[in-house]
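Comments concern the structure below.
Labels below follow one simple rule: chain letters A, B, ... track the order of the sequence lines, proteins then strands, and each chain is numbered from 1. Note that the structure is a prediction, hence the values are computed from the model and not measured.
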There are 2 protein chains.
Amino acid sequence: MKIGELSRATGTNIETIRYYERIGLLPPPARTDANYRSYGGEHRSRLSFVRHSRDLGFTIEEIRSLLDLSDHPDRDCGEADRIATRHLEQVEEKIAQLSALREELSRIIGRCRGGLAGDCRVIEALGDHGQCASPH
Amino acid sequence: MKIGELSRATGTNIETIRYYERIGLLPPPARTDANYRSYGGEHRSRLSFVRHSRDLGFTIEEIRSLLDLSDHPDRDCGEADRIATRHLEQVEEKIAQLSALREELSRIIGRCRGGLAGDCRVIEALGDHGQCASPH
DNA sequence: GCTTGACCCTGTAGTTGCTACAGGCTGCAT
DNA sequence: ATGCAGCCTGTAGCAACTACAGGGTCAAGC
């Protein structure tokens with residue numbers, strides 16, 4: 001199949017597919033006489049693997065390691081587990097950060113009752129140095 | 001004060017301060033005879049505003065709008081409220097996404113019992129097209 | 001047989017928000 | 001005088017794409 005078909009089949013931008021090839025995440029496919037890329041089922045499933053991993057937020061480097069393991073079924077699976085576990089921890093940390101951020105934003109927005117920017121609590125709160133809840 | 005002092009006073013990298021000036025987020029300060037940047041209290045509070053906003057995850061463009069409002073106290077504050085509210089929505093959406101992601105990662109990792117990569121549930125799950133809980 | 005339009009190719013530059021040099025000047029202490 | 005911290009400009013790098021510019025290829029329709 002040509003790159004456009006692979007693109008539709010996997011929901012991946014054409015430019016992104018070529019990018020993945022350029023950085024060595026996908027192997028260079030065969031070419032037609034017209035120098036068009038020609039992909040098979042293996043490329044397709046490899047790209048699906050990459051897309052799914054990206055959707056889960058793994059970095060390109062992490063995916064490289066995961067693909068490497070996937071290419072060597074005789075290796076120990078512990079590394080995959082470590083990568084995934086570390087990633088899960090990062091996701092949990094990010095959620096915690098964003099939750100704190102949500103609290104602060106809610107607090108700031110709750111104080112805005114319209115009017116002029118000069119009296120705006122949102123702008124005022126941003127100017128403060130981290131003291132957003134009024135002390136009493 | 002010189003750029004190093006401003007840097008320490010606001011917890012901002014020197015390179016970042018110059019970057020903010022370059023993109024027009026901070027006004028160019030006066031210069032000493034030796035062509036050193038010379039900042040006053042206004043620069044300091046403006047930079048604090050920027051840092052605090054960045055910590056809350058606002059983009060540079062959003063901060064540009066917020067600063068603009070802050071510079072014109074006679075304008076309507078509704079725009080600040082809209083920016084902050086939209087941002088809060090984005091944060092909430094991101095939290096929701098990450099929570100879903102956490103669930104999927106936990107599920108994937110829970111299935112790994114060690115062994116060889118060929119049997120690894122983590123790698124297998126990544127290869128699937130979104131069907132990670134086995135149907136039976 | 002010729003044109004139109006969809007598709008493909010390479011290579012490079014842009015995006016966001018910084019960060020990290022290289023290569024050179026200034027200011028102060030020893 | 002010499003060393004070192006601190007400052008200057010300008011450019012390049014990071015992640016992970018995305019968006020062209022400028023060209024080649026192929027099938028269909030007139």
Side-chain angles (χ1 to χ4, degrees), chain A residues 1-26 28-40 43 46-67 83 86-87 90-91 94 97 101, chain B residues 1-26 28-40 43 46-67 83 86-87 90-91 94 97 101:
Chain A
M1 73 182 118
K2 284 187 286 183
I3 199 169
E5 296 169 74
L6 182 63
S7 164
R8 281 187 295 276
T10 60
T12 311
N13 198 319
I14 288 181
E15 322 264 28
T16 304
I17 297 175
R18 287 197 281 248
Y19 168 70
Y20 286 159
E21 179 183 332
R22 203 161 58 239
I23 64 173
L25 213 55
L26 296 181
R31 297 288 183 130
T32 67
D33 290 349
N35 201 30
Y36 287 8
R37 286 172 179 82
S38 177
Y39 297 98
H43 287 96
R46 197 176 178 90
L47 181 53
S48 294
F49 186 103
V50 171
R51 286 315 306 172
H52 191 189
S53 304
R54 283 296 298 135
D55 286 345
L56 287 170
F58 288 101
T59 66
I60 298 285
E61 288 315 305
E62 283 166 343
I63 295 170
R64 232 186 262 281
S65 304
L66 291 170
L67 278 171
I83 292 172
R86 194 183 49 220
H87 183 52
Q90 285 166 0
V91 167
K94 190 77 191 171
Q97 280 170 10
L101 218 133
Chain B
M1 76 183 114
K2 284 188 286 183
I3 198 168
E5 296 169 73
L6 182 63
S7 164
R8 282 187 294 277
T10 60
T12 312
N13 199 318
I14 288 181
E15 322 263 29
T16 304
I17 297 174
R18 287 198 281 249
Y19 168 70
Y20 286 159
E21 179 183 332
R22 202 161 59 241
I23 64 173
L25 215 55
L26 295 182
R31 298 288 185 131
T32 68
D33 290 349
N35 200 31
Y36 286 10
R37 287 172 178 82
S38 177
Y39 296 98
H43 286 97
R46 196 177 178 92
L47 180 53
S48 295
F49 186 105
V50 171
R51 287 314 306 171
H52 190 189
S53 303
R54 283 294 301 136
D55 286 345
L56 286 170
F58 287 100
T59 66
I60 297 286
E61 289 314 306
E62 285 166 341
I63 295 171
R64 231 186 263 282
S65 303
L66 292 170
L67 277 172
I83 292 172
R86 193 182 52 219
H87 183 52
Q90 285 166 0
V91 167
K94 192 75 190 174
Q97 280 171 10
L101 219 132

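Taken from CD1 in Ile23(A) to CD1 in Ile60(A), the straight-line distance is 4.5 Å, to the nearest 0.5 Å. The structure places CG of Leu66(B) at 10.0 Å from CG of Leu56(B), a figure rounded to the nearest 0.5 Å. In this structure, OG on Ser7(B) lies 10.0 Å from CZ on Arg18(B), to the nearest 0.5 angstrom.
Of all heavy-atom pairs between Ser38(A) and Pro29(A), the closest is O-CB, 3.5 Å. Scanning all heavy atoms of the two residues, the minimum distance from Ile63(B) to Val50(B) falls at CD1-O, 3.9 Å.
In this structure, Arg37(B) reaches the dC8(D) phosphate: one of its side-chain N or O atoms is under 4.0 Å from OP1 or OP2. Here Arg18(B) reaches the OP1 or OP2 of dC8(D): one of its side-chain N or O atoms lies under 4.0 Å away.
In this structure, the side chains of Asn13(A) and Tyr19(A) stay at 4.5 Å or more apart for every pair of heavy atoms.
Shown here are the side-chain contact (heavy atoms from CB on, under 4.5 Å) partners of Thr59(B), two or more places apart in sequence or in another chain: Glu61(B), Glu62(B). Take Arg31(A) and apply the side-chain contact (heavy atoms from CB on, under 4.5 Å) test, not counting sequence neighbours, and it matches Glu21(A), Asn35(A), Arg37(A). Scored by the side-chain contact (heavy atoms from CB on, under 4.5 Å) test, Arg8(B) finds Glu5(B) as partners (sequence neighbours excluded). Contacts of Tyr39(A) classified as ring-ring contact (aromatic ring centres under 6.0 Å, His included), with partners at least two apart in sequence or in another chain: His43(A). Looking at residues two or more places apart in sequence or on another chain, you find a side-chain hydrogen bond (donor to acceptor under 3.5 Å, both in side chains) between Thr12(A) and Thr10(A). Residues meeting the ring-ring contact (aromatic ring centres under 6.0 Å, His included) test with Phe58(B), sequence neighbours left out: His87(B). In this structure, the side-chain contact (heavy atoms from CB on, under 4.5 Å) partners of Asp55(A), at least two apart in sequence or on a different chain, are Arg51(A). Evaluation of the salt bridge (charged side-chain N to carboxylate O under 4.0 Å, His left out) rule for Arg46(B) yields Asp71(B) as partners, not counting sequence neighbours.
Sorted by residue number, the members of residues 29-36 of chain B with any non-hydrogen atom under 4.0 Å from DNA chain C read Ala34(B), Tyr36(B).
For Met1(B) and dG6(D), the CE to P distance is 16 Å, given to the nearest whole Å. What separates NZ of Lys2(A) from P of dC9(C) is a distance of 9 Å, to the nearest Å. The separation between Ile14(A) atom CD1 and dT10(C) atom P is 12 Å, rounded to whole Å. Atom CZ in Arg8(B) sits about 13 Å away from atom P in dA5(D), given to the nearest Å. Spacing between atom CD of Glu21(A) and atom P of dG11(C) amounts to 11 Å, rounded to whole angstrom units. For the pair Glu5(A) CD and dA6(C) P, the interatomic distance rounds to 17 Å; values are reported in whole Å. In this structure, CD1 of Ile23(A) is placed 9 Å from P of dA15(D), rounded to the nearest angstrom.
For the helix from dG1(C)-dC30(D) to dT30(C)-dA1(D), the rotation axes defined at the first and last 5 base pairs enclose an angle of 30°, given to the nearest 10°.
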What pairs of nitrogen or oxygen atoms, one from the protein and one from nucleotides 2-5 of chain C, lie under 3.5 Å apart?
none

Name the pairs: protein N/O against N/O of nucleotides 17-19 of chain D, kept only if under 3.5 Å.
unit_1	atom_1	unit_2	atom_2	d
dC17(D)	OP2	Tyr20(A)	OH	2.9
dC17(D)	OP2	Arg54(A)	NE	2.7
dT18(D)	OP2	Thr16(A)	OG1	3.0
dA19(D)	N7	Glu15(A)	OE2	3.4

